[in-house]
Visitor: 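Starting off with a structure, shown below.
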Amino acid sequence: MIGRPNHGTRDVMEQDRPDVYAPSAIEGKWQKTWEEHGTNGFTPETFKSAENPFYNLMMFPYPSAEGLHVGNIYAFTGADVHGRYQRLIGRNVFEPIGFDAFGIHSENFALKQGVNPMDLTPKNVANFTRQLRRIGGMFDWDHTVNTSDPDYYRWTQWIFVQLFKAGLAERKEAPVNWCPSCMTVLANEQVLSGLCERCDTPVEQRHIAQWFFRITDYTQRLLDNLKTIDWSDTTLKAQENWIGRSEGATLEFPVLPADEGVAEGKEGEPAGSPFDGPTISVFTTRPDTVFGATYMVLAPEHPLVEAITTSDRKLEVKAYQEAAAKLDLVARQKDDKTKTGVFTGTMCLNPATGKPIPVWIADYVLIEYGTGAIMAVPGHDQRDFEFAQTFGLPIPRVVAGPGDTADTPLDEAYAGDGTLVNSGQFNGLPWREGARDIVKWLEGVTWLGGKGFAEAKVTYRLHDWCISRQRYWGPPIPIIYCDRCGPLPVPEEDLPVILPRLEDFKPDDSGVSPLARVEEWYKTGCPECGGEARRETDVSDTFLDSSWYFLRYPSTDREDGPMDQEITQRWLPVDCYIGGEEHAVLHLLYARFITMALKDMGHLDFEEPFTKFRKHGLIIRDGAKMSKSKGNVIVPDPIIEEFGADTFRLYLMFLGPFSEGGDYRDEGIQGPYGFLHRLFDTVVSVIGSDEGKQPPDPRVEQKLHKTIKQLSEQVPNLQYNTAIAAMMEYLNAVRTGGRHAVRAEVEPLVVLVAPFAPHLAEELWSRLGHTESVFEGANWPAFDPEKAAEETVKIAVQVNGKLRGTVEAPAGTSQEEAEALALAQENVTRHLDGLTVRRVIFIPNRLLNFVVG
RNA sequence: GCGGAAGUGGCGGAACUGGUAGACGCGCGAGAUUUAGGAUCUCGUGGCUUAGGCCGUGGGGGUUCGAGUCCCCCCUUUCGCACCA
């Protein structure tokens, strides 16, 4: 009777047969109802006054021309199940969706197709909207955003202006990552192992004046707050690593004048007094090893290089600097690259030993970390060791590991625990104490106005956020340059600065945006003096668009400000955010920073935007990530057409643990499809034949309460795959042996399945005689612990830990009774025959183990 | 190198604080029903087996009455960061 639909045709034929499950008819009907009456039960009034608000957020998609892919649907379905569950337990759930439509993705695609992103984007958004409705999400279509809409980016620009006014946006010339293929600068976060995140082109270093957000002012807070938010562990770890706190010290190494020869000081006392020349600052996490610093290295780009290079070395140093500049980051960062470098001709004093040491430049020292200079301790740092070996520099030991003496030779750097040796008065100290004491000592060794040679210091890996992009498809940075008044923010009443329509929006290698080619656009008047001025022509990073979209959703009606105070207070921060791990350090970090900054400026009263964050896994197919090049991409539309959105949703959630992802197999969808069929048949079968008079079968009822209990624990924790398995098991129990189900057995199951298969649940709920939506009229069923309790249990009987039988007994059977029952079994007694029982282990209701010898 | 996750049937995956390994589903086998079916229903399905058992959760040790689960060593896969001083 129930046929596998052949691409919908069968389904259409069966639309007139009310006893047959016809997914597309049912889903069409309910989607229409939701469209007419709203998906989530809100009116504009109840939205403002929701008593039990739950903000359920998912990561908004970039609307590609290909349409929604399975990964999107997987993520949105998992989040939607969570939202629908929250609704069934009585929360007022706000579940918005929007479009991250600005950015290089869209622009590159438009370039490739030879179309304008202004034309392409609305088409893509319309297609996404259609698909999102088709999968049955509980999306709030009255509160949607599109980052490329002037009504939205007006406020993106407003945020830029606020940051500028707060001193958190600054323009500085800095070495930046330049992607020669995308022809734009990239944030550090967008460079992966020296390659452009987007196109895998090796990234070059360029010096361009750029706008930066001072996220580093917030480093410690971004780190400390991680302890206060409920996020997936791996995501917290990734943020912690990215922020990269290192504790150590900066040490000062006085530069010896080139012509004064070498004046050795006494050990432990810097030579010369008082010293008044320049010093080289280095950052180290191992100040305890300073006695082993036998040379210094500056990054080739270090500003002191030119000043300290002796005249005889100038040519060689210059050549090295140029060679280093040419190397792209990939080549420079190769692990197995042999160490190169040149001597500057200058010596420094090691402030601990008082001895002169040579200053080199080498590309293994990076300008952007620490001070761009290091003290090299070849005995205890492998990179320094390799360098010292290459250039024949001394490699003394200053830390002795277990079993080492001060003279144990080193055949590689020793970076482990140990005690200090060859370190003057600090010999014998464990290295940690040594580090502390040496810093304290060098702090006290002063020269030049009392400044010491050391200072305890914390360094972070996190850099300021470069947000300028020399591209077209983004919000213009709202800044005006006036020769007289300097860079000024666009007055707030003049926002938005509209992105003009350009027919030629192709980026070029000039280091400026295509907007710089449009004189009538960038020429403007100075907001201060009214004189001739020029707009900033760069646009801002896409990640700025997405750093605050969740703040806008509830306030999309508001036209005179980015956020409505009252609504924001009611709905934010976000109760639960579900998204992919790939944004663990990009989007999630920026969103936290922007939220903190807005809080400090008085626009928000909280500083962490996402109270709870859960990452979802990845759907793979044939053991690999879906990609066009591998040809293993699943196009969702035909599958939804064939099996229905409910089946597709259920299948995706059933594939594996939601947090881990799953392996998509085409045939696997038959399982959930059959389950929904059987559910439909079973529920339909109780209508008319049983109007709630018949009591449920006691065994089925017990199973029902166990199932409710299990789902009530697992669904809120996103453990969907096992929750679905439990529902299948329950339905199997209801149908065991072809028995006839009764209403009380199946009605609660309709509610349990509703978050996963909302259309079918609505249909069955209505057929059961209810007039309201299941999400309005039904409550998540409660379970009765007494009814969920097992009445009889199977106790495993073991002899010496090996299973020899099981006994069935009432729950709570005593050890004596259980033993008696077990000893009545021939298979048990046979194994005890002729042996002494030394001990009996009894775990009530579970296990009985005879220990014999 | 640093940081994290994971190795269980033919496959995806279950297994709470150590307590009957393989739930649920796919696939496969047998049968029923059907004009037919890639539909539905029933039963079976880790391996070996002398049919009593034996062996089985990446490998090797250990703790325990009992280990997928705890401890030690190793192997593999995978993700994030990475010449970060």
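So you know, we letter chains A, B, ... as the sequences are listed, proteins then strands, and number each from 1. Owing to the predicted nature of the structure, the values given are computational and were not obtained by experimental measurement.
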Visitor: Knowing that exactly one of A:T77, A:D646, A:V81 qualifies, which makes a side chain to side chain contact (heavy atoms under 4.5 Å, CB included) with A:F756?
Guide: A:V81

Visitor: I'd like the P distance from B:rU20 over to B:rA15, given in whole Å.
Guide: 14 Å

Visitor: Looking only at side-chain N and O atoms, does A:R461 come under 4.0 Å of OP1 or OP2 in B:rC84?
Guide: no

Visitor: Taking only the side-chain heavy atoms of A:D381 (C-beta and beyond), determine which of B:rG52, B:rA85, B:rC26 contains the nearest atom.
Guide: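 So the side chain of A:D381 is nearest to B:rA85.
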
Visitor: Looking at every non-hydrogen atom in both residues, tell me the closest pair between A:R461 and A:H463 and how far apart they are.
Guide: O-ND1, 2.7 Å

Visitor: Would you call the rings of A:H616 and A:Y74 parallel, tilted or perpendicular if under 30° counts as parallel and over 60° as perpendicular?
Guide: perpendicular

Visitor: Tell me: CG of A:L679 to P of B:rG25, nearest whole Å?
Guide: 14 Å

Visitor: Classify the nucleic acid contact of A:H380 as base, sugar-phosphate or nothing, counting any heavy atom under 4.0 Å across all strands shown.
Guide: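 The residue A:H380 makes no contact with any strand.
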
Visitor: Atom CD of A:E582 and atom P of B:rG4: how far apart are they, to the nearest Å?
Guide: 22 Å

Visitor: Taking the C1' atom in each of B:rG61 and B:rC16, what is the distance between them to the nearest angstrom?
Guide: 29 Å

Visitor: Quick one: does A:L442's side chain get under 4.5 Å of A:L251's, heavy atoms only?
Guide: yes

Visitor: Among the nucleotides B:rA82, B:rA23, B:rG53, which one has an atom lying closest to any side-chain atom of A:R804?
Guide: B:rG53

Visitor: Over how many whole Å does the gap from A:M375 atom CE to B:rC84 atom P extend?
Guide: 15 Å

Visitor: So, A:W465 versus A:F543, ring centres under 6.0 angstrom or not?
Guide: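 No, too far apart.
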
Visitor: Base, sugar-phosphate alone, or nothing: which one does A:N827 contact when heavy atoms must sit under 4.0 Å apart?
Guide: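 Sugar-phosphate contact only.
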
Visitor: Given atom NE2 of A:H677 and atom C1' of B:rG25, what is their separation to the nearest angstrom?
Guide: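 The answer, rounded to whole Å, is 16 Å.
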
Visitor: Which residues pass the ring pair (Phe, Tyr, Trp, His ring centres under 6.0 Å) test with A:F783, sequence neighbours left out?
Guide: none

Visitor: In terms of side-chain heavy atoms of A:R665, which of B:rC11, B:rA23, B:rG53 is nearest?
Guide: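 Out of B:rC11, B:rA23, B:rG53, the nucleotide with an atom closest to A:R665's side chain is B:rC11.
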
Visitor: Taking the six-membered ring for Trp, are A:F643 and A:F648 ring centroids under 6.0 Å apart?
Guide: no

Visitor: Roughly how far apart, to the nearest Å, are B:rG56 and B:rG68 at atom C1'?
Guide: 11 Å

Visitor: Rounding to an integer number of angstrom, what distance separates B:rC65 and B:rC73 when you compare their C1' atoms?
Guide: 26 Å

Visitor: What is the distance, rounded to the nearest whole Å, between atom CD of A:E660 and atom P of B:rU77?
Guide: 19 Å

Visitor: Can you see if the side chain of A:N721 gets near the phosphate of B:rA14 - specifically, an N or O under 4.0 Å from OP1 or OP2?
Guide: yes

Visitor: Expressed in whole Å, how much space separates the C1' atoms belonging to B:rC75 and B:rG59?
Guide: 7 Å

Visitor: A:D663 side chain: which of B:rG12, B:rC26, B:rC83 is closest?
Guide: B:rG12

Visitor: Measure the distance from CZ on A:R735 to C1' on B:rC41 and round it to the nearest whole Å.
Guide: 9 Å

Visitor: Considering only NZ, NE, NH1 and NH2 on the basic side and carboxylate oxygens on the acidic side, decide whether A:K703 and A:E729 come within less than 4.0 Å.
Guide: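 A salt bridge links A:K703 with A:E729.
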
Visitor: Nearest to the side chain of A:M728 - B:rA85, B:rC26, B:rC24?
Guide: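 The listed nucleotide nearest to A:M728's side chain is B:rC24.
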
Visitor: Rounded to whole Å, how long is the line connecting atom CZ of A:R838 with atom P of B:rG66?
Guide: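 Going from CZ in A:R838 over to P in B:rG66 covers 13 Å.
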
Visitor: I want to verify a distance call: between B:rA14, B:rA85, B:rG25, whose nearest atom is closest to the A:I374 side chain?
Guide: B:rA85

Visitor: Taking the six-membered ring for Trp and the single ring otherwise, decide whether the centroids of A:Y364 and A:F387 are under 6.0 Å apart.
Guide: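 Yes, the ring of A:Y364 comes within the 6.0 Å limit of the ring of A:F387, centre to centre.
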
Visitor: Along nucleotides 15-20 of chain B, 5' to 3', which nucleotides get a B, which get an S, and which get a -, given that the test is a protein heavy-atom distance under 4.0 Å?
Guide: -B--BB

Visitor: Among B:rC54, B:rC84, B:rC24, which is the nearest nucleotide to the side chain of A:Y369?
Guide: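 Of the options given, the side chain of A:Y369 lies nearest B:rC84.
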
Visitor: Please report the distance separating the P of B:rG58 from the corresponding atom of B:rA6, rounded so that it comes out in whole Å.
Guide: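 Going atom to atom, P in each nucleotide, I get 13 Å.
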
Visitor: For nucleotides B:rU63 and B:rG53, find the distance between their C1' atoms and express it as a whole number of Å.
Guide: 28 Å

Visitor: Taking all heavy atoms of A:P672 and all of A:T647, pick out the closest pair and write down the distance.
Guide: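 Minimum heavy-atom contact is CB-O, 4.2 Å.
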
Visitor: Since syn is defined as within 90° of 0, does B:rG12 count as syn or as anti?
Guide: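 Anti.
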
Visitor: Quantified in whole Å, what is the C1' atom distance between nucleotide B:rU8 and nucleotide B:rA21?
Guide: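 Going atom to atom, C1' in each nucleotide, I get 8 Å.
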
Visitor: Would one find a side-chain N or O of A:K802 under 4.0 angstrom from OP1 or OP2 of B:rC55?
Guide: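 For B:rC55, OP1/OP2 do have a side-chain N/O of A:K802 under 4.0 Å.
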
Visitor: More 5' along RNA chain B: A:N800 or A:T371, using each one's nearest nucleotide?
Guide: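 Final value for this comparison: A:N800.
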
Visitor: Are the side chains of A:E819 and A:L848 in touch, meaning some heavy atoms are under 4.5 Å apart?
Guide: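 Yes, at least one pair of side-chain atoms sits under 4.5 Å.
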
Visitor: Applying ring-ring contact (aromatic ring centres under 6.0 Å, His included), run through A:F654 and A:F675 and close with a yes or a no.
Guide: CA-CA 12 Å; A:F654 184 61; A:F675 168 72; 8.8 Å; no

Visitor: By nearest heavy atom, map A:P672 and A:G661 onto RNA chain B; which one lands nearer the 5' end?
Guide: A:G661

Visitor: For RNA chain B, list all stems, counting runs of three or more consecutive pairs where every pair is Watson-Crick or G-U wobble with both distances under 3.5 Å.
Guide: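 Correct response: B:1-7 with B:75-81, B:10-12 with B:24-26, B:27-32 with B:40-45, B:46-48 with B:53-55, B:58-62 with B:70-74.
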
Visitor: What nucleotide among B:rG10, B:rG4, B:rC65 has an atom nearest to a side-chain atom of A:K237?
Guide: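 Minimum distance to the A:K237 side chain belongs to B:rG4.
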
Visitor: Rounding to a whole Å, what distance do you find between A:N732:CG and B:rG25:C1'?
Guide: 10 Å

